[in-house]
Amino acid sequence: DIGGDIRVRLGGQKPDIVATLSAKLLNAADFGQNDKSTTSAPAKSEPAKEGEQKRVLPADPLPLEVLSALNVKADIAIAKLMAAGMVVEGVDLSAVIKGGKADIALRKAALSGGAISANVGLDGRAGKAGLAADFKVKKLALGKLLKEMKVTDILDADVNASGKVSGKGTSVRAIMAGLDGNIEAVSQNGTIANEYIELMAADLLKKMATDSKVTKMNCFVATFAIKKGIATNTALLFDTTNMVVTGEGTIDLRDEKLDMQVKPEPKDASLLSLAIPINIGGTFAEPSFAPSAAAVAMGVASLAATVINPAALLIPLMSGGSDDKNPCVSALTSGGKPKPKAKTGATSGSSAPAAKKDGSIGGFFKKIIGD
């Protein structure tokens, strides 16, 4: 189904290729990829030697040497691309390979109803090998995509996401170990299956249970700042009808280790004693989830009085009128800088000012509203 024009010049030091190609349908399975095995089998970790940790990120060298073997300038249009259980439509991209470097621009494409675009740069030169990429995703139907890929059907939500990352190395593992950049995702007005909520707050869910099998998700926000392979969570907020879940921690891309904590916060204060933070640890290959030992030992109600209450971080995002809307949605739809509520006798010991710190939920929303 591929058509177009290809010109190859062999008179120089390297083959020089100029191409304009198009296809109505391109299926990765036609090029040796087994779609069925890709979508049904989970990612496998690399077998560990005795005494060593299992690894997920591959250390196999990338074929970057090909970038120095030829020059290419190509424009490619694909009406429908099928790969790894995904269907991408309206693909419009260009690729330039010259001097050992490749620049690929995905000008536009549609995935699960969402618009995606990206720029990827690969450097294959000795001593400079690495990757730099940025991407934008708008209104991606994440639940639909995960269902099509046969990953899960517990989510129904549209997601906006963006990111800009770069790293040096000749393998995926090496590049991730030195990665720098940032990634952020925002979603609102979706639903999530209660079986997933149970992983974060089983006791809370039982007290707040309804006949529905799903929980309404007012909004979800996640941002990570990545420096030298350490992804630090700068904002994590999951807001539902009955509770707010916040989180913090790091993801170590160098050693593939997790160190995160999520904190369910009921909107009904009488249920506070059931809100036990969950620690997420272990590795990419063998993650672990366990209730916070400190919270259980102190009693959650006592702990809440001694640490920054996640609800305090939301104060700058609340609407200034008498009709207080959901904090996430208010901040995203207000079209400007959210106004904090009038102070109500807060003392110098109040935790509210913590929201002004760099990396706070408030700082994040100010950033995306400004953009």
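Source: prediction; values computed, not measured. Atoms considered below: every heavy atom in the structure, side chains included; atoms not considered: hydrogens, waters and symmetry mates.
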J.: Take Val137 and Val159, measure what side chain to side chain contact (heavy atoms under 4.5 Å, CB included) needs, and give me the verdict at the end.
T.: CA-CA 8 Å; Val137 178; Val159 175; 5.9 Å; no
J.: So Phe224 and Ile251, do their side chains get closer than 4.5 Å, heavy atoms only?
T.: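 Yes, their side chains come closer than 4.5 Å.
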J.: For Val172 and Leu62: C-alpha separation, side-chain torsions, deciding distance, then whether side chain to side chain contact (heavy atoms under 4.5 Å, CB included) applies.
T.: CA-CA 8 Å; Val172 172; Leu62 296 169; 4.2 Å; yes
J.: Under 3.5 Å, is there a donor on one side chain and an acceptor on the other for Thr250 and Thr232?
T.: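 Result is no, nothing qualifies.
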J.: Any Lys/Arg nitrogen of Lys257 or Asp255 sitting under 4.0 Å from an Asp/Glu carboxylate oxygen of the other?
T.: no
J.: How close do Ala222 and Leu236 get, heavy atom to heavy atom, and via which atoms?
T.: CB-CD1, 3.9 Å
J.: Taking the side chain as every heavy atom from C-beta outward, state whether Arg9 and Pro15 have any atom pair closer than 4.5 Å.
T.: no
J.: Do Gln261 and Pro277 make a side-chain contact, defined as non-hydrogen atoms from C-beta onward lying under 4.5 Å apart?
T.: yes
J.: Once you round to the nearest 0.5 Å, how far does CG of Leu253 lie from NZ of Lys228?
T.: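 The CG atom of Leu253 sits 14.5 Å away from the NZ atom of Lys228.
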J.: Taking the side chain as everything from C-beta on, heavy atoms only, tell me whether Leu258 gets closer than 4.5 Å to Phe284.
T.: yes
J.: Quick one: does any side-chain atom of Lys14 pair with a main-chain N or O of Ser68 as donor and acceptor, under 3.5 Å?
T.: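 Flag set: sc Lys14 to bb Ser68 pair under 3.5 Å.
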J.: Should Asn119 and Ile104 count as side-chain neighbours, where that means a heavy-atom distance under 4.5 Å?
T.: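 In short, these two side chains do not touch, never coming nearer than 4.5 Å.
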J.: If two hydrophobic side chains count as joined below 4.5 Å and joins carry through other members, does Ile183 share a cluster with Leu57?
T.: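 They do share one cluster, since a chain of ILVMFWY contacts under 4.5 Å joins Ile183 to Leu57.
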J.: Heavy atoms, side chains only, cut-off 4.5 Å: are Val262 and Met260 in contact?
T.: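 Val262 does not reach Met260 side chain to side chain.
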J.: Quick one: closest heavy-atom pair of Val245 and Pro264, and the distance?
T.: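 Heavy atoms of Val245 and Pro264 come nearest at CG2-CA, 4.0 Å.
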J.: Any chance you could lay out the side chain to side chain contact (heavy atoms under 4.5 Å, CB included) test for Lys168 and Ile175, step after step, and finish with the verdict?
T.: CA-CA 5 Å; Lys168 299 293 183 181; Ile175 291 172; over 6 Å; no
J.: Could you tell me whether a side-chain N or O of Ser162 sits under 3.5 Å from a main-chain N or O of Phe135, the two making a donor and an acceptor?
T.: no
J.: Might you work through the side chain to side chain contact (heavy atoms under 4.5 Å, CB included) test for Leu146 and Asp153, ending with a clear yes or no?
T.: CA-CA 7 Å; Leu146 295 177; Asp153 60 355; over 6 Å; no
J.: Nearest 0.5 Å, please: how far is CG in Leu111 from NZ in Lys144?
T.: 9.0 Å
J.: Looking only at heavy atoms, what is the nearest atom pair of Ile226 and Ala231, with distance?
T.: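 Heavy-atom minimum between the residues: CG1-CB, 3.9 Å.
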J.: Do Ile6 and Val18 touch side chain to side chain, with heavy atoms closer than 4.5 Å?
T.: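 Contact flag for Ile6/Val18 side chains = no.
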J.: Could you tell me which non-hydrogen atom of Glu256 sits nearest to which non-hydrogen atom of Arg173, and how far apart they are?
T.: OE2-NE, 4.2 Å
J.: Is there a path of hydrophobic side-chain contacts, each under 4.5 Å between heavy atoms of I/L/V/M/F/W/Y residues, joining Leu21 to Phe31?
T.: yes
J.: Work out which heavy atom in Ala23 is nearest to a heavy atom in Asp1; give both atom names and the distance.
T.: C-OD2, 3.4 Å
J.: To the nearest 0.5 Å, how far apart are CG in Asn160 and CG in Leu142?
T.: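 Output value for this atom pair is 11.5 Å.
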J.: I want to check something: taking the side chain as every heavy atom from C-beta on, are Val221 and Phe238 in contact at a cut-off of under 4.5 Å?
T.: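 No - every pair of side-chain heavy atoms lies 4.5 Å or more apart.
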J.: So which heavy atom on Leu179 is nearest to which on Gly167, and how close?
T.: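 Closest approach of Leu179 to Gly167, heavy atoms only: CD1-N, 4.0 Å.
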J.: Throw together a table of side-chain donor-acceptor distances under 3.5 angstrom for residues 75-100, partners on residues two or more places apart or in other chains.
T.:
residue	atom	partner	partner atom	Å
Asp75	OD1	Arg107	NH2	3.3
Asp92	OD1	Arg107	NE	3.3
Asp92	OD1	Arg107	NH2	2.9
Asp92	OD2	Arg107	NE	3.4
Ser94	OG	Arg107	NH1	3.4

J.: Can Met176 be reached from Val165 by stepping across I, L, V, M, F, W or Y side chains whose heavy atoms are under 4.5 Å apart?
T.: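 Yes.
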J.: Determine, for Asp103 against Lys101, whether the closest basic-nitrogen to carboxylate-oxygen distance falls under 4.0 angstrom.
T.: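 Result for this pair is no, no salt bridge flagged.
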J.: For residues Met217 and Val151: do they belong to one hydrophobic cluster (side chain heavy atoms under 4.5 Å, members Ile, Leu, Val, Met, Phe, Trp, Tyr)?
T.: yes
J.: Could you work out, with side-chain contact (heavy atoms from CB on, under 4.5 Å) as the rule, every residue matching Val66, not counting sequence neighbours?
T.: Leu70
J.: Could you give the distance from OG1 (Thr223) to CG (Asn233), rounded to the nearest 0.5 Å?
T.: 6.0 Å
J.: In Å, rounded to the nearest 0.5 Å, how long is the span from OG of Ser288 to CD1 of Ile280?
T.: 9.0 Å
J.: Please report the interatomic distance CE(Met149) to OG(Ser112), rounded to the nearest 0.5 Å.
T.: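 Here the rounded value is 9.0 Å.
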J.: Are there more than 12 heavy atoms of other residues, nucleotides or ligands under 6.0 Å from atom NZ of Lys147?
T.: no
J.: Using 4.0 Å as the upper bound for N to carboxylate O, is an ion pair formed by Lys263 and Glu248?
T.: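 Salt bridge flag = yes for Lys263 with Glu248.
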